[in-house]
2 protein chains.
Amino acid sequence: MPKEHALDFERLCREHSLAATHQRRIIFHAVTASPGHYSPEQIYATVRAQIPSISLATVYKNLKTFIEAGILREVSPHHGTLRVDPNLEPHHHLVCRICKSITDIGAKFLDPVRVRRAPPGFNIEQFSVDILGVCSKCARKH
Amino acid sequence: MPKEHALDFERLCREHSLAATHQRRIIFHAVTASPGHYSPEQIYATVRAQIPSISLATVYKNLKTFIEAGILREVSPHHGTLRVDPNLEPHHHLVCRICKSITDIGAKFLDPVRVRRAPPGFNIEQFSVDILGVCSKCARKH
DNA sequence: GTATCTGCAAAAATTTTGCTAGTAT
DNA sequence: ATACTAGCAAAATTTTTGCAGATAC
């Protein structure tokens, strides 16, 4: 339970050499104040209640800035565009952090995912594991 | 190793009550012929080599149709828009197939993911598990 | 004072929709 | 013959960009 989000925010900005602007403070608060996984539009709506003059572009720019700094994460590394997968067998994905490439890996190459304490009320149908890291091609370039 | 994609395709269409059109045959082939996780634009480019007059809208419509039928899958259920996650602790996601809601679940609630046979050349940094299913709210409505 | 950031407007990129003519069953 | 589908153009959504004025350090 964090006590002082405001202090956290000032510190975070200093640590990442970001200017602690009013807009950033409110955006950060909108994202972190209540648990959730919000879209830029949702965050924009929340922030506008406090800064009616803010622009959607500012929200986008700062979310991107926060993500690049590692202060926030993006839920899916592939939100940019639809990607179709013809593989209907149980399998998982190797996802390269650098080039965003996706490679299949058969489910049997992993220990089966097992839930220790079941989430109340949620009806589990299947598991999909993203194995995040750096592919061999990108490793060679760095 | 499938031998006869063409036959597969005709059968698939019959099984799902879809008209086996020329465009669909070429689109399906573009997605399944070589392993990958292609975007609509990439598929459009491939298909145009064989049907120069095809429209991008037709590619989109049919990918969506295939996905709804279960003939193809989408790599990420959240490609539509960016979603930010303020939780930097190790955790995974409960994702509802119906309403697309995302709920955090701490990493300790799952057995740790373990790779049995390591993918050659890929440098693993972290695991992200999507637990797919139906949330309690949506279950109540069905 | 200087570098960075905001807001605006415009553009780019992605996806959907309505309609008419054409095609599969 | 009937129902479904393709192509087109237009619109809707989502995201990025360039720049002038404002703000943080």
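Every value quoted in this text rests on a predicted model; they were computed, and no experiment measured them. Naming convention: chains lettered A, B, ... in sequence-line order (proteins, then strands); numbering from 1 in each chain.
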Which part of the nucleic acid, if any, lies within reach of B/T21 when heavy atoms closer than 4.0 Å are counted: base, sugar-phosphate only, or nothing?
sugar-phosphate
Here the distance between atom P of D/dA6 and atom CD1 of B/I27, to the nearest Å, is 7 Å
Whole-Å distance, B/K61 NZ to C/dT20 P, equals 14 Å
* Asked: Can any side-chain N or O of A/D85 pair as donor or acceptor with the backbone N or O of A/N87 at less than 3.5 Å?
  -> yes
Taken to the nearest whole Å, NZ/B/K64 to C1'/D/dT5 is 15 Å
Please confirm whether the shortest side-chain N or O distance from B/T81 to OP1 or OP2 of D/dT13 is below 4.0 Å. no
Here the distance between atom P of D/dA24 and atom CD1 of A/I26, to the nearest Å, is 12 Å
**Message:** Can you tell me if B/Q23 touches the phosphate of D/dG7, counting only side-chain N or O atoms and a distance under 4.0 Å to OP1 or OP2?
**Reply:** yes
Result for 5'-nearest mapping on DNA chain C, choosing between A/R24 and B/P40, is A/R24
Note: for B/A19 and A/S53 on DNA chain C, the residue whose nearest nucleotide lies more 5' is A/S53
Q.
Check this one for me: any side-chain N or O of B/S55 less than 4.0 Å away from OP1 or OP2 of D/dA9?
A. no
Assert: residue with more 5' nearest nucleotide on DNA chain D, out of A/H22 and A/G80, is A/G80
From CZ of A/R25 across to P of D/dT23 the rounded distance in Å is 14 Å
Rounded to whole Å, CD of A/E10 lies from P of D/dC25 at a distance of 7 Å
To the nearest angstrom, the CZ-P distance between B/R14 and D/dC4 comes to 18 Å
Partner of A/L18 under side-chain contact (heavy atoms from CB on, under 4.5 Å), picked from A/L12, A/N62, A/I71, is A/I71
| Does B/I131 share a hydrophobic cluster with B/I98, counting links as ILVMFWY side-chain heavy atoms below 4.5 Å and allowing steps through other members? | no
### Task
With side chain to side chain donor-acceptor pair (under 3.5 Å) as the test, would you mind laying out the steps for A/H93 and A/D104 before giving the verdict?
CA-CA 5 Å; A/H93 290 134; A/D104 284 359; 3.3 Å; yes
- Heavy atoms under 4.0 Å, any strand shown: does A/L82 hit a base, just sugar-phosphate, or nothing? sugar-phosphate
**Item:** Residue-phosphate contact under 4.0 Å: A/Y60 side-chain N/O, D/dT15 OP1/OP2
**Value:** yes
Atom CD1 of B/I54 and atom P of C/dA21 are separated, to the nearest Å, by 21 Å
Exercise. Side-chain N or O of B/N62 less than 4.0 angstrom from OP1 or OP2 on D/dT5?
Worked result: no
- Answer yes or no: are there more than 12 heavy-atom neighbours, outside B/R116 itself, under 6.0 Å from its atom CZ? yes
